[in-house]
Amino acid sequence: MEEQKVSYLDGLNEVQRGAVTTTEGPVLVIAGPGSGKTRVLTYRIAHLIQEGVAPYNILTLTFTNKAAKEMKERISQVVGKRAAYVWAGTFHSIFARILRVEAEKLGYSSNFTIYDSKDTSSILAAIIAEMRLDSKTYDTNGVKARISSAKSNLISPAAYEQNQQLMMQDRKSRRPYLFRIYKQYAMRCKRAGAMDFDDLLYQMFVLLHKNPDGVLEKYRKKFPYVLVDEFQDTNFLQYSIIKKLVNYPKSPRNICVVGDDAQSIYAFRGATIENILNFKRDYPKLQTFKLEQNYRSTNHIVQAANELILHNTGQIQKKIWSFKGEGQKIQLIKAVSDSEEGRRIAGMILEQKTRYHLKNKDVAILYRTNAQSRVFEEFLRRYDILYKVYGGLSFYQRKEIKDVIAYLRLVVNPNDEEALRRVLNYPTRGIGKGTIEMVSQLANEYDTTPWAILEKANTLGFKPKAAKSLLAFVNMIKGFQRRLATDNAFELAEHVAKKSTILAKLDQDTTVQGISRRDNVRELLDGIKDFVDNDELIDEATLPDKSLPNYLQNIALLTDQDSDKENDDRVALMSIHAAKGLEFKSVFVAGMEEQLFPSFMALQEAGGLDEERRLFYVAVTRAEEFLTLSFAGSRYRYGKLNNYQPSRFLSEISEENLEQPIYSKAERQNVLGEQRSGIKGFSKPMPRRSTLGTNTNHEVKNTADYKVCKPGQIEAGLKIEHIRFGAGVIVKLEGAGKNAIVHIDFGHEVKRIVLRFAKLKIV
DNA sequence: CTCCTACGCCTTTTT
DNA sequence: GGCGTAGGAG
């Protein structure tokens with residue numbers, strides 16, 4: 001035992017060891033990127049277990065399933081099978097697990113449905129329509145964000161209505177009835193026996209706060225040791241729950257939170273760095289450990305990270321440093337267009353693979369928005385490089401999958417309104433818009449669920465034809481429900497897919513998308529079969545349960561289809577957000593352009609720029625050895641071509657660390673000077689503008705005001721500007737009329753372009 | 001009521 | 001450029 005202890009503690013530096021072995025009392029670990037944060041967390045848990053703490057008394061909260069899984073695996077490497085009993089998971093999944101047990105105390109069934117973000121949007125859209133509110137002022141996403149934010153700040157619908165400040169804000173933004181939507185939405189969720197993502201946290205808090213049958217004491221006792229990963233990304237609600245569990249009179253306050261304020265990138269969904277400050281205030285006996293040594297990246301990368309984050313205001317003082325040697329300077333790709341960016345990055349990956357013997361999985365392409373992945377997919381395919389796109393719309397978010405799942409959800413919980421709405425007339429069975437609206441109205445009138453209305457369809461004044469269709473639907477679902485007792489998840493799902501005629505419907509569609517949809521449904525069924533056939537005990541505390549309800553509970557919180565087989569050798573394509581916590585030998589950060597990164601949305605919000613910069617900090621620090629930044633002078637957005645300026649972030653890394661910087665030293669001073677003087681948005685030296693506070697949008701040349709010359713004007717020797725490729729000289733004209741081709745020298749290459757399609761401007 | 005087409009909006013990031 | 005919805009014809 002003693003020896004074992006020594007063996008794992010030996011691999012830690014002084015500070016890390018302190019963070020691991022200080023098991024009693026509140027601990028704050030400020031962990032820079034690559035500083036061995038996960039190591040500290042897992043060793044700490046392992047250490048607790050070695051010291052005699054029961055694994056099931058340890059609660060570890062993370063933000064992603066992936067992080068939780070990794071942590072469990074690494075704990076088991078130190079303490080073996082006992083690791084399976086540790087309560088480690090995402091906030092949402094852990095609380096869902098607890099809420100299933102305690103559901104009845106809150107008036108829910110333990111079979112409650114979890115509404116994902118799309119379900120929420122869809123219900124809100126329906127409510128807004130039913131209330132006859134203008135869907136433009138009450139845009140679904142805006143309303144959703146507002147409700148989510150209310151919940152995250154523990155404001156109930158009733159409290160919302162009483163809150164003068166919120167009501168005032170709504171009146172100002174011409175949405176005075178927002179509180180009614182919130183109220184209605186909350187009522188509907190409850191009536192449907194469903195919780196959305198925020199409810200999983202909100203209801204957890206309510207449970208602990210109302211404390212029916214002493215549940216609060218039960219969980220305080222159950223979890224004497226609490227750990228929180230990525231603490232900088234917790235919101236007020238999450239912090240409040242943790243506080244309930246840990247901070248009370250006579251509590252041992254054995255809580256360890258790990259985070260890095262410089263990596264806080266979720267302020268947009270309510271995360272607040274204030275939690276770190278509050279933590280210091282709430283736990284006076286706090287012990288703080290700062291992990292600053294970076295074990296991940298070479299020095300140029302670390303230094304670049306340090307210098308760019310200096311442009312932010314109010315970071316906790318911290319400077320990361322590395323012993324890994326100078327390494328290679330950061331490379332910069334200047335591409336004229338998004339497709340050239342794709343081509344050059346793919347080419348560079350090929351080159352790096354040969355020159356440095358990198359595997360595909362050593363490489364990642366990171367971007368600000370998921371929509372950017374397409375070009376890279378195209379070129380990686382062309383270059384025969386295997387890749388995997390993470391995030392974006394997950395498998396379970398696809399329409400056809402949601403449709404099948406909706407049937408299954410309905411079988412388990414017929415009150416699930418959203419599932420009902422989705423499939424009541426899909427595949428079409430003669431239940432039209434009017435009928436559906438009437439169902440909804442009756443449900444509100446009788447204060448009951450739509451399902452209950454359907455069951456009594458023949459007594460409520462529906463047209464005979466409609467009533468017949470509705471009852472046929474009810475009988476079909478009831479038929480499925482009878483099988484719940486006997487069928488396993490797969491048998492039932494397959495039966496449902498057939499009998500609902502979903503499969504037949506998809507078979508009719510012979511378009512490419514149609515076939516792919518069908519394949520997806522097949523894949524879903526295969527997945528359910530896997531779930532049923534798999535005998536492996538994931539968690540030794542629970543017995544295998546192959547029922548449909550259990551299947552649905554398992555997938556409800558799966559977002560990334562984390563079927564990630566470790567030996568899958570693929571280049572990773574993902575958003576920077578999704579890359580947090582990961583590391584790669586070689587990282588490409590694409591789309592380094594003003595308006596894209598930093599995002600134009602963020603630039604309009606207070607603190608937005610700083611958050612974008614922290615995001616860039618996260619991106620940069622994912623790289624171990626090779627970091628390449630790239631920008632494109634033009635790219636398609638919403639199917640339209642736009643021109644872009646290089647991101648200001650590029651000018652925040654000095655020549656010491658960045659190869660072939662776009663700016664000379666003098667220019668760089670100039671740019672920094674302008675930024676400091678408060679003129680937003682110019683990342684490139686520009687002639688002085690006459691007006692102050694010029695909006696950056698003016699910098700973006702758009703297709704509309706680009707004056708294209710007529711084909712007849714073109715002749716050899718002319719200097720022109722091409723809308724995508726920039727400045728060039730006409731070399732010659734080939735052919736005439738419709739087929740005329742123009743040769744243009746753009747400096748680095750001569751392109752042949754069909755004259756009648758070329759958008760050229762004579763300079 | 002169903003199917004087809006046209007139009008409009010979309011994209012910031014996630015559990 | 002792509003998806004979802006609205007509006008019209010059958």
[X] near the nucleic acid: base, sugar-phosphate alone, or nothing, with a heavy-atom cut-off under 4.0 Å?
{"X": "A:Asp198", "result": "nothing"}
{"X": "A:Asn141", "result": "sugar-phosphate"}
{"X": "A:Thr435", "result": "sugar-phosphate"}
{"X": "A:Asp116", "result": "nothing"}
{"X": "A:Tyr266", "result": "sugar-phosphate"}

| Between A:Ala466 and A:Met601, which has a closest nucleotide on DNA chain B that is more 5'? |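 Looking at the nearest nucleotide for each, A:Ala466 comes out on the 5' side.
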| request: Take A:Leu615 and A:Lys136, find for each the nucleotide of DNA chain B with the closest heavy atom, and name the residue whose nucleotide sits nearer the 5' end. | output: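 Nearest-nucleotide comparison on DNA chain B picks A:Lys136.
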| request: With sequence neighbours left out, write down each residue that passes salt bridge (charged side-chain N to carboxylate O under 4.0 Å, His left out) with A:Arg132, or none if nothing qualifies. | output: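 Salt bridge (charged side-chain N to carboxylate O under 4.0 Å, His left out) check on A:Arg132 returns A:Glu437.
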| field | Results of salt bridge (charged side-chain N to carboxylate O under 4.0 Å, His left out) for A:Glu417 - residues two or more places apart only | value |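 With sequence neighbours excluded, A:Glu417 shows a salt bridge (charged side-chain N to carboxylate O under 4.0 Å, His left out) to A:Arg188, A:Arg191, given in chain and number order.
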Filtered N/O pairs between nucleotides 1-10 of chain C and protein, under 3.5 Å:
residue: C:dG1; atom: O6; partner: A:Tyr638; partner atom: O; Å: 3.2

| Nearest-nucleotide pick for A:His92, side chain only, options being B:dT14, B:dT15, B:dT11 |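 The answer is B:dT15.
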| Out of B:dT15, B:dT11, B:dT14, which nucleotide sits closest to the side chain of A:His577? |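 So the nucleotide nearest the side chain must be B:dT14.
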Distance-only criterion, 3.5 Å: show the donor-acceptor pairs between side-chain atoms of residues 370-377 of chain A and protein atoms not counting sequence neighbours.
residue: A:Gln372; atom: OE1; partner: A:Arg368; partner atom: N; Å: 3.4
residue: A:Gln372; atom: OE1; partner: A:Thr369; partner atom: N; Å: 3.0
residue: A:Gln372; atom: OE1; partner: A:Thr369; partner atom: OG1; Å: 3.0
residue: A:Ser373; atom: OG; partner: A:Asn370; partner atom: O; Å: 3.3
residue: A:Ser373; atom: OG; partner: A:Glu377; partner atom: OE2; Å: 3.2
residue: A:Glu377; atom: OE1; partner: A:Tyr387; partner atom: OH; Å: 3.3

Atom pair distance, as rounded to whole Å: [atom1] in [X] and [atom2] in [N]:
{"X": "A:Leu557", "N": "B:dT15", "atom1": "CG", "atom2": "C1'", "answer": "8 Å"}
{"X": "A:Asn642", "N": "B:dT11", "atom1": "CG", "atom2": "P", "answer": "16 Å"}
{"X": "A:Lys580", "N": "B:dT15", "atom1": "NZ", "atom2": "C1'", "answer": "12 Å"}
{"X": "A:Ile436", "N": "B:dC1", "atom1": "CD1", "atom2": "P", "answer": "8 Å"}
{"X": "A:Ile431", "N": "B:dC1", "atom1": "CD1", "atom2": "P", "answer": "9 Å"}
{"X": "A:Tyr367", "N": "B:dT11", "atom1": "OH", "atom2": "P", "answer": "16 Å"}
{"X": "A:Leu596", "N": "B:dT13", "atom1": "CG", "atom2": "P", "answer": "11 Å"}
{"X": "A:Tyr644", "N": "B:dT11", "atom1": "OH", "atom2": "C1'", "answer": "11 Å"}

So, is [X] near the phosphate of [N], with a side-chain N or O under 4.0 Å from OP1 or OP2?
{"X": "A:Asn425", "N": "B:dT2", "answer": "yes"}
{"X": "A:Asn370", "N": "B:dT13", "answer": "yes"}
{"X": "A:Ser117", "N": "B:dT14", "answer": "no"}

| request: Just jot down the side chain to side chain contact (heavy atoms under 4.5 Å, CB included) partners of A:Asn413, sequence neighbours excluded, or say none. | output: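 Checked A:Asn413 against side chain to side chain contact (heavy atoms under 4.5 Å, CB included); matches are A:Thr113, A:Asn415, A:Asp416.
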| message | I'd like to check the side chain to side chain contact (heavy atoms under 4.5 Å, CB included) partners of A:Leu460; sequence neighbours left out, ordered by chain and number. | response |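 Per chain and number, A:Leu460 pairs via side chain to side chain contact (heavy atoms under 4.5 Å, CB included) with A:Leu442, A:Tyr446, A:Ile453, A:Lys456, A:Phe462.
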| How are the rings of A:Phe616 and A:Phe649 set to each other: parallel, tilted or perpendicular (split at 30° and 60°)? |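 Because their plane-to-plane angle is under 30°, the rings of A:Phe616 and A:Phe649 count as parallel.
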| query | What class does the angle between the rings of A:Tyr266 and A:Phe268 fall in, given that below 30° is parallel, 30 to 60° is tilted and above 60° is perpendicular? | reply |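 Judged by the thresholds at 30° and 60°, the geometry between A:Tyr266 and A:Phe268 is tilted.
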| query | When you look at A:Gln232 and A:Asp261, which way does the side-chain hydrogen bond (donor to acceptor under 3.5 Å, both in side chains) test go after all the steps? | reply | CA-CA 6 Å; A:Gln232 76 281 354; A:Asp261 60 319; over 6 Å; no
